[in-house]
Student: 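Have a look at this one.
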Amino acid sequence: MAYLLIRHEVKEFRAWKSVFDSFNEIRRAGGERSYQIFHPEDDPNNLWLLFEWDNLDNARAFMASQDLEKTMAEAGVTELPETFYLEEYGKGTP
């Protein structure tokens, strides 16, 4: 399985989330299968996003799109994202 992990700061989570949600169809069309949003306990605007993607090539192409760059600016992203492309070795339960 292919994953995309992103960390970035936003001005205000609720405003960011509204724009993020409006981009759902575009992300799905690009190959996204699911997402999770995390933040440190004491910093709700420091976001960690974990996406499951159909493959890493599509994840890279999506991250390089000019539409994404414009949308991130509109959403209030305040810095360049830290981006990690990950492949799953395994999954399990204890």
Student: For the residue pair His39 and Pro44, what are the closest heavy atoms and their distance?
Tutor: ND1-CA, 3.6 Å
Student: Ignoring hydrogens and angles, state whether a donor on the side chain of Tyr3 or Glu88 is under 3.5 Å from an acceptor on the partner side chain.
Tutor: yes
Student: When you compare the side chain of Lys11 with that of Thr78, does any pair of heavy atoms fall below 4.5 Å?
Tutor: yes
Student: Could you pull out the closest heavy-atom pair between Glu79 and Glu9, with the gap in Å?
Tutor: OE2-N, 3.0 Å
Student: Test of understanding: with salt bridge (charged side-chain N to carboxylate O under 4.0 Å, His left out), list the residues that count as partners of Glu41, not counting sequence neighbours.
Tutor: none
Student: Just so I know, are the side chains of Met1 and Glu52 near enough to count as touching, which here means a heavy-atom distance under 4.5 Å?
Tutor: yes
Student: Which other residues belong to the hydrophobic cluster containing Ile37, where Ile, Leu, Val, Met, Phe, Trp and Tyr are joined when side-chain heavy atoms lie under 4.5 Å apart, directly or via other members?
Tutor: Leu4, Ile6, Val10, Phe13, Trp16, Phe20, Phe23, Ile26, Tyr35, Leu47, Leu49, Phe51, Trp53, Leu56, Phe62, Met63, Leu68, Met72, Val77, Tyr85
Student: Can you list everything that forms a side-chain contact (heavy atoms from CB on, under 4.5 Å) with Gln66? Sequence neighbours excluded, please.
Tutor: none
Student: In the hydrophobic clustering (ILVMFWY, side-chain contacts below 4.5 Å, transitive), which residues join Val19, or is it alone?
Tutor: none
Student: Between atom CZ of Arg7 and atom CG of Leu50, what is the distance when rounded to the nearest 0.5 Å?
Tutor: 15.0 Å
Student: How would you list all residue pairs meeting side-chain hydrogen bond (donor to acceptor under 3.5 Å, both in side chains) that involve residues 19-28, not counting sequence neighbours?
Tutor: Lys17-Asp21, Asn24-Arg27, Glu25-Arg28, Arg27-Glu32
Student: For a 4.5 angstrom cut-off between non-hydrogen side-chain atoms, does Glu82 reach Leu5?
Tutor: no
Student: Excluding sequence neighbours, so at least two apart, what forms side chain to side chain donor-acceptor pair (under 3.5 Å) with Asp54?
Tutor: Asn58
